[in-house]
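Quick caveat, the model's predicted, so the values are computed rather than measured.
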Amino acid sequence: MKEKGLFPVPGDALVIVDAQNDFLSGGSLAVPQGEQVIPVVNQYLELFRTRRLPVFMTRDWHPPDHVSFLARGGVWPPHCVQGTLGAAFASEIELTGKETIISKADSRDRDSYSNFEETDLEDRLKNLGVRRVFLGGLATDYCVLNTVKDALKLGFEVVLLTDITRAVNVKPGDGERAEEEMIAQGARPADYGAVASRR
Ligand code: VGL
Ligand code: ZN
């Protein structure tokens with residue numbers, strides 16, 4: 001069987017996961033080298049926009065007393081609190097307002113790392129006829145991993161954009177293990193050079 005190329009075509013969508021200030025340097029849950037992804041995110045945005053293909057921006061969107069925070073016995077410092085600067089998308093990301101924003105983990109007593117959990121992401125993708133998602137962002141070992149696993153379970157093809165994906169690495173190697181797991185489950189890794197090439 002001939003493998004489908006990586007160049008974005010109708011039926012494809014771009015999903016940028018949690019490119020929010022709190023996950024960048026200076027943020028409350030900074031992902032090492034998180035800011036490196038920003039210029040490349042802009043390149044992918046431009047590629048999909050030029051082709052009039054759908055773009056989704058996801059965000060971690062917690063209430064101030066969220067269950068995942070240390071004060072409530074969770075494992076994370078407060079981060080991505082609804083309406084704060086930390087929860088905003090990095091200002092260097094060139095957004096047009098036409099992107100669809102998906103907010104997750106927005107209820108006080110429940111955390112989730114998958115952008116499909118208690119959101120309308122699946123319905124929105126399916127309503128647009130999307131069959132393949134090009135996905136990357138922060139962080140490899142949490143929200144990217146869990147969103148990719150759900151996407152595959154739901155029947156989407158997944159192209160994992162490795163050049164816009166970075167890991168928290170609470171334990172060294174977490175990011176690499178997460179990437180291996182996503183690939184083992186069927187995600188196809190690629191970078192901008194591969195995706196933007198028509199061959
Ligand atoms: C995330 C840790 C806590 C993520 C969200 O977006 O990967 N990581 N909350
Ligand atoms: Zn969170």
Side-chain angles (χ1 to χ4, degrees), residues 1-20 23 31 34 36-38 40-60 93 99-105 112-169 173-199:
M1 197 177 73
K2 188 171 172 293
E3 211 182 355
K4 192 172 166 189
L6 284 166
F7 192 74
V9 293
D12 292 337
L14 178 64
V15 180
I16 305 292
V17 175
D18 301 6
Q20 296 165 270
F23 294 126
V31 175
Q36 290 177 356
V37 309
I38 304 292
V40 193
V41 165
N42 283 331
Q43 288 184 285
Y44 284 113
L45 287 170
E46 161 88 20
L47 181 67
F48 277 72
R49 214 172 260 152
T50 306
R51 312 228 5 117
R52 302 190 190 288
L53 298 173
V55 175
F56 290 78
M57 299 291 300
T58 77
R59 61 185 183 185
D60 213 26
I93 298 180
E99 302 80 12
T100 302
I101 295 176
I102 301 290
S103 304
K104 67 151 186 323
S112 66
Y113 295 130
S114 167
N115 281 290
F116 287 99
E117 228 174 282
E118 293 178 358
T119 72
D120 57 2
L121 179 57
E122 179 186 9
D123 287 344
R124 286 182 176 272
L125 289 169
K126 292 200 166 152
N127 288 341
L128 290 166
V130 173
R131 292 179 305 276
R132 181 169 72 164
V133 292
F134 288 64
L135 186 150
L138 309 173
T140 320
D141 31 2
Y142 295 93
C143 289
V144 171
L145 173 65
N146 288 279
T147 302
V148 164
K149 283 165 63 169
D150 277 352
L152 291 166
K153 269 186 219 146
L154 293 167
F156 295 100
E157 285 179 63
V158 175
V159 177
L160 175 66
L161 305 174
T162 53
D163 49 359
I164 56 167
T165 298
R166 294 290 184 279
V168 180
N169 283 323
D174 279 353
E176 279 163 49
R177 282 186 290 274
E179 195 175 311
E180 281 164 19
E181 188 179 345
M182 291 185 272
I183 293 167
Q185 296 198 10
R188 187 172 167 193
D191 62 14
Y192 185 78
V195 170
S197 151
R198 279 177 186 271
R199 289 185 308 119

query = How about Asp141 and Asn169: do any of their side-chain heavy atoms sit closer than 4.5 Å?
reply = yes
query = Nearest 0.5 Å, what's the CG-OH distance between Asn146 and Tyr113?
reply = 8.0 Å
key: Between CD1 on residue Ile16 and CG on residue Leu138, distance to nearest 0.5 Å   = 9.5 Å
message = Which residue in the set Thr100, Val133, Ile102 passes side chain to side chain contact (heavy atoms under 4.5 Å, CB included) when paired with Leu125?
response = Val133
ask   = For Glu181, does the CD atom sit with more than 12 other heavy atoms under 6.0 Å from it, leaving out its own atoms?
value = yes
remark   = Minimal heavy-atom distance between Ala187 and Leu152, with the atoms involved, is N-CD1, 3.9 Å
query = Under the side-chain contact (heavy atoms from CB on, under 4.5 Å) criterion, do Asp12 and Lys4 qualify, and how do the steps go?
reply = CA-CA 12 Å; Asp12 292 337; Lys4 192 172 166 189; 4.1 Å; yes
message = Nearest 0.5 Å, please: how far is CG in Asp150 from NZ in Lys153?
response = 5.0 Å
ask   = Charged N to carboxylate O below 4.0 Å: is that the case for Glu157 and Arg188?
value = no
task = Please determine which of Val144, Val15, Val195 meets the side chain to side chain contact (heavy atoms under 4.5 Å, CB included) test together with Leu161.
result = Val195
inquiry  = Any non-hydrogen side-chain atom of Val41 less than 4.5 Å from a side-chain atom of Val37?
reply    = yes
remark   = Heavy atoms of Asp174 and Arg177 approach each other most closely as OD1-NH2, 2.8 Å
query = Do Asp18 and Thr58 meet the criterion of a side-chain donor-acceptor pair at a distance under 3.5 Å?
reply = yes
key: Shortest non-hydrogen contact between Ala151 and Val158, atoms and distance   = CB-CG2, 3.7 Å
message = Do Arg49 and Val55 make a side-chain contact, defined as non-hydrogen atoms from C-beta onward lying under 4.5 Å apart?
response = no
Pairwise distance CZ(Arg59) to SG(Cys143) - rounded to 0.5 angstrom = 14.0 Å
query = Say you draw a straight line from CD of Glu99 to CZ of Phe56; how long is it, rounded to the nearest 0.5 Å?
reply = 11.0 Å
query = Hey, are the side chains of Phe23 and Asp60 touching, using non-hydrogen atoms and a 4.5 Å cut-off?
reply = yes
key: Side-chain heavy atoms of Glu179 within contact of Leu160, under 4.5 Å   = yes
query = Given side chains that start at C-beta, do those of Thr119 and Ser103 come closer than 4.5 Å, heavy atoms only?
reply = no
key: Euclidean distance, Lys149 NZ relative to Ser114 OG, rounded to 0.5 Å   = 10.0 Å
task = Starting from the C-alpha separation in whole Å, work towards a yes-or-no answer on ring pair (Phe, Tyr, Trp, His ring centres under 6.0 Å) for Tyr44 and Tyr192.
result = CA-CA 7 Å; Tyr44 284 113; Tyr192 185 78; 5.2 Å; yes
inquiry  = Could you check whether any side-chain heavy atom of Leu45 comes within less than 4.5 Å of a side-chain heavy atom of Leu14, counting everything from C-beta outward?
reply    = yes
ask   = Would Phe7 and Leu47 satisfy side-chain contact (heavy atoms from CB on, under 4.5 Å), going step by step from the backbone distance to the final call?
value = CA-CA 10 Å; Phe7 192 74; Leu47 181 67; 4.2 Å; yes
ask   = Run the side-chain contact (heavy atoms from CB on, under 4.5 Å) check on Val159 and Leu6 step by step: do they pass?
value = CA-CA 8 Å; Val159 177; Leu6 284 166; 3.8 Å; yes
ask   = Quick one: are Glu117 and Lys104 in side-chain contact, heavy atoms under 4.5 Å?
value = no
query = Does NZ or CZ of Lys126 come closer than 6.0 Å to the centre of the six-membered ring of Phe156, within 45° of the ring's axis?
reply = yes
request  = Tell me yes or no: between the side chains of Asn115 and Thr147, is some donor less than 3.5 Å from an acceptor?
outcome  = yes
inquiry  = Check this for me: does any side-chain nitrogen of one of Arg51 and Glu46 sit under 4.0 Å from a carboxylate oxygen of the other?
reply    = no
ask   = Can you name the nearest heavy-atom pair linking Thr140 to Ala167, along with the distance?
value = OG1-N, 3.2 Å
